[in-house]
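To keep things clear, I will list the structure first and then write my remarks on it.
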Amino acid sequence: MAEQLDIADVERWVLAFADAVEEEAGYLTDLDRRSGDGDFGSNMAAALRRSREAVAAAGSTAAGDPFQVLGETFLGHSGGTSGPLFGMWFREFGKAGAGAEAFTLEMLAGATANGWATVARLGSARVGDRTMVDAIAPASEALAEAVEGGLSLSEGLRSAAEAARVGADGTSGLLGRRGRTSYVGEAALGSPDPGAVAVALFYGAAREVAGA
Amino acid sequence: MAEQLDIADVERWVLAFADAVEEEAGYLTDLDRRSGDGDFGSNMAAALRRSREAVAAAGSTAAGDPFQVLGETFLGHSGGTSGPLFGMWFREFGKAGAGAEAFTLEMLAGATANGWATVARLGSARVGDRTMVDAIAPASEALAEAVEGGLSLSEGLRSAAEAARVGADGTSGLLGRRGRTSYVGEAALGSPDPGAVAVALFYGAAREVAGA
Amino acid sequence: MRRQFVNDPGDVVAEALEGFAAAWPGHVRLNADPAYVVRARPASGKVAVVSGGGSGHEPLHVGFVGTGMLDAAVPGAVFTSPTAVQIRAASRAVDTGRGVLHVVKNYTGDVLNFRIAGELLADEGVESGIVLVDDDLATDTDDGPGRRGTAAAVVVEKVCGAAAERGADLAELTALGRRVAAGSRTLSVALAAGAHPGQSRPSFELPGDEVEFGVGIHGERARQRRAFGPSREIVPQMVSPLAEALGLGRGSRVLAVVNGLGATSDLELYGVFREARRVLKDAGVDVVRSLVGTYVTSLDMAGCSLTLVRADDEVLELWDAPVATPALTW
Amino acid sequence: MRRQFVNDPGDVVAEALEGFAAAWPGHVRLNADPAYVVRARPASGKVAVVSGGGSGHEPLHVGFVGTGMLDAAVPGAVFTSPTAVQIRAASRAVDTGRGVLHVVKNYTGDVLNFRIAGELLADEGVESGIVLVDDDLATDTDDGPGRRGTAAAVVVEKVCGAAAERGADLAELTALGRRVAAGSRTLSVALAAGAHPGQSRPSFELPGDEVEFGVGIHGERARQRRAFGPSREIVPQMVSPLAEALGLGRGSRVLAVVNGLGATSDLELYGVFREARRVLKDAGVDVVRSLVGTYVTSLDMAGCSLTLVRADDEVLELWDAPVATPALTW
Ligand SMILES: Nc1ncnc2c1ncn2[C@@H]1O[C@H](COP(=O)(O)OP(=O)(O)O)[C@@H](O)[C@H]1O
Ligand SMILES: Nc1ncnc2c1ncn2[C@@H]1O[C@H](COP(=O)(O)OP(=O)(O)O)[C@@H](O)[C@H]1O
Ligand SMILES: [Mg+2]
Ligand SMILES: [Mg+2]
Ligand SMILES: [Mg+2]
Ligand SMILES: [Mg+2]
């Protein structure tokens, strides 16, 4: 497989992510119902439907452009807490790939690290607070290790996807300390945090596109 | 009996009127319930209670003064439709007796005629409209005839009281054309207009004081 | 179950007036007994403009006392006319020798007490004139006391207030006010009745699928109930009869007042205004000025009124003239 | 059964904004997409003051756009934060090069989106600063998101707006706004909940003998219910904790805001103000300025809030400075 993700790959990644979220929308909303206000899946799906059109219409000329579009769409149309956080998250990927023909593993590791920092800063969320950060952080660490260890892009993304999945699953056992889930306390235990699951789907889609 | 009503007589007249209205308050309110909004008796009684005190406090120096006080009290404190009309009515008696030691029959006839004109002008009410005018008008005509015929004060007042009573009773058969009773139509037939009954009580009290 | 922030229901008006005067010391002064409100800085050398009526319609009328509008307002008990003595006292207090214009909503008690006050004032040598505001198209019948007065009072008070400030004499003001009133019509729709202070039940109950169409501002029911629906269906039912009654057509200019009856949100009122403008525009009628907000209420009634006023250059200029009152300032 | 004047509930805000802009052409202009409202006559050479938040609180914030107060307001959907892109667009539109002050009520969504907007603006070289308004004493707990922002927003916007008009720079405005916010506390009492546009049930039901004590402005219940009673019993329960939280005592000066939550009549609000003044006076606290009316609503909620703001000479002078907006003018 390619060691880079070019514009077409990135577009496929975005579409695969949108497909996955739309498929899981009911499940994600159900998770948010247990730990929050039950709008997560439908809000994400709506923002991604809009993003599909926007990405298609944009005519990207750099690998970061689809993410730039995604970021603007989420920041401009998605309410709630996760919408703007995902918007800023995608924006970091957009910045990382700005003007570039393709994403390398290093670039993705850098974007993930910056995205983590941004989400953590804006949401004041740390690992263990039962948020999307609990999937982002392990993915970021896996990518950093992959870069360090000289792994291929597809190997690195597989590792990131697996780490994100494990991180998301692990939120089932966490008590919420940020966002609405912090109001429901122990009632959320036993099911994972929807934002973390969505992050796992994001890296799952990347792994799929990378053929890993 | 005296051919004039001096200040003390006028004060007795006012008190006798207040007594009569207070005694009949329930009945008057009930009449207003049939033909209007059911506040006539209690409003009149309240204004007259206040008037008792005001008249006592006023220290009248002319025969018209108690009526002047009555008029101000009604104009200043009585809501609804009849309150201000009675206020202006009493005011005409106040004007007629302003500066005078006593009321003669002529003066009472003049006050009644002016009161009729004032109430009719302000309320746009004519004889037959089922209002207080239907008691005022016959009283006024009786007084005018008494003056013309050279009757004594007590004879004149008896005639006026009887005419007012007949006029008031006659409103039982009238359809309302002014005030709230005009909204209820035939439902008011069979019971007299409370305002007209009150006017009859007013002349009844005068007759009592005149010893007729 | 309705509750209000009150102490004893009988004290509501007196206590509110005390709070009102304390809240607007730069604009008004209160005379507690007999109750009336005058400007903090009395005007001089102009005809005094005085209005009044039952309370429960706030900010009308006390909220419109101030430069460019009323010299005095005379509040009665809730939904009850002020007395003639109150009106006389307020009028005396603000008369500068050039006479007093009484702006009166057409209700029997108000008309009677203002007329009597006018006679009492005449006895004392104070000249006065009456403008009756009778804009409510829902009560436009041949017999009876005539159309009720509602939100057009704000327009008449504003326009006459501005003209008085410019030195118009009593005869001119009376003629002007009557012309504005004659060119004003209102229709009001209620979605839920208000409740009297201290009373736990609203003055009527409406089924969920109907509105009171042509309601007044005293909690009374309307003559008609009509189907509830989206604003795009209700508003044209208000606009069309008003336009017809005023003879509006292509090229006509109007001032439009969309007024909340007490419990209606700005979101709704602006939505209603948008619909009204659209319907009028389709008819070629130009909304050249507007006032949207809660100005003439029926306690906490949920509902709104639409008033259209024929606008000519003089009316517009007077409408635009400066005004500084608790409830209206520009 | 609650009904409103709406078309499709999803269009309420957009339609109301259209009506709002048409009603106040002398004061504001609307940008429809992304939605924001700016002054009709843009200011130049001053720091721009921008606020925003969910709709359903009208006249807050759009009603405060105009000379001496906001340069722009950014309305979200009902009870929903505006997006960061909306805020960025509005801020860009009014930035004159001296930076943008964001006045933000302390709700997670608002804080997040304004913070993000600040970062987006920084990327473009537009400087911004945030003043968080967190006056709601009922949510003063040690953990969690902190006190909610409610009616003190009006005071912060007015004072910062006046200071911006006089040329204060962004750092000065941020410090001023934070000082005013820090000196502001509010308590709100609901007698009946409002209902979302298009919904027939209010957001909670109250038994007739209780009030929600410490309610917010989003239709949520309070942590406490207390006994309903006359204002003379309820108002002291609001005043005393506020005075204590602000450390008010003999000789303290405050600005008091008595604010209707949507369906509460002026008669009631002025009565509440009268009680509040009385209680404060008994404690030696001087109410040197006040604002009584319906300024920050929770749709058509029946209830009111009392806000006390510590007043020093600078705050008073800025409060008194001229302002000309749809909802506040002097
Ligand atoms: N403060 C925070 N920092 C980071 N992520 C957060 C925070 N609060 C919530 N989230 C994420 O957002 C998700 C919920 O998003 P969403 O349903 O849009 O929020 P809400 O409906 O509560 O506004 C959570 O599952 C969590 O992953
Ligand atoms: N236009 C009118 N002219 C003269 N008298 C009137 C008029 N309208 C009503 N009245 C008198 O007033 C009485 C009712 O008074 P009141 O109960 O005070 O009126 P309301 O409660 O309807 O305001 C009637 O019985 C009638 O005699
Ligand atoms: Mg949610
Ligand atoms: Mg949500
Ligand atoms: Mg009656
Ligand atoms: Mg009555």
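Protein chains get the first letters and strands the later ones, always in sequence-line order, with residue 1 at the start of each. Nothing here was measured: the structure is a model prediction, and the numbers come from that model.
- By the side chain to side chain donor-acceptor pair (under 3.5 Å) test, C/Ser184 is found to be paired with no residue, residues two or more places apart in sequence or in another chain being considered.
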Show me the donor-acceptor pairs under 3.5 Å between chain C and chain B.
| from | atom 1 | to | atom 2 | distance (Å) |
| --- | --- | --- | --- | --- |
| C/Thr83 | OG1 | B/Leu75 | O | 3.3 |
| C/Thr83 | OG1 | B/Gly76 | O | 3.4 |
| C/Ala84 | N | B/Leu75 | O | 3.3 |
| C/Val85 | N | B/Leu75 | O | 3.3 |
| C/Arg88 | NH1 | B/Glu72 | OE2 | 3.1 |
| C/Arg88 | NH2 | B/Glu72 | OE1 | 2.6 |
| C/Arg88 | NH2 | B/Glu72 | OE2 | 3.3 |
| C/Arg115 | NH1 | B/Arg121 | O | 3.4 |
| C/Arg115 | NH1 | B/Leu122 | O | 3.0 |
| C/Glu119 | OE1 | B/Arg121 | NH2 | 2.5 |
| C/Glu119 | OE2 | B/Arg121 | NE | 2.8 |
| C/Glu119 | OE2 | B/Arg121 | NH2 | 2.9 |
| C/Asp123 | OD2 | B/Arg91 | NH1 | 3.1 |
| C/Asp123 | OD2 | B/Arg91 | NH2 | 2.7 |

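- The side-chain contact (heavy atoms from CB on, under 4.5 Å) search around C/Ala245 returns C/Leu137, C/Arg185, not counting sequence neighbours.
- In this structure, chain B has a heavy atom under 4.5 Å from the side chain of C/Pro145, while its backbone stays farther away.
- Each of B/Gly80, B/Gly87, B/Pro84, B/Gly83 has some count of heavy-atom pairs under 4.5 Å with chain C, and the biggest count is that of B/Pro84.
- For the atom pair CG (B/Leu122) and CD1 (C/Ile116), the distance works out to 5.0 Å, reported to the nearest 0.5 Å.
- With sequence neighbours left out, the side-chain contact (heavy atoms from CB on, under 4.5 Å) criterion links C/Ala21 to C/Leu30.
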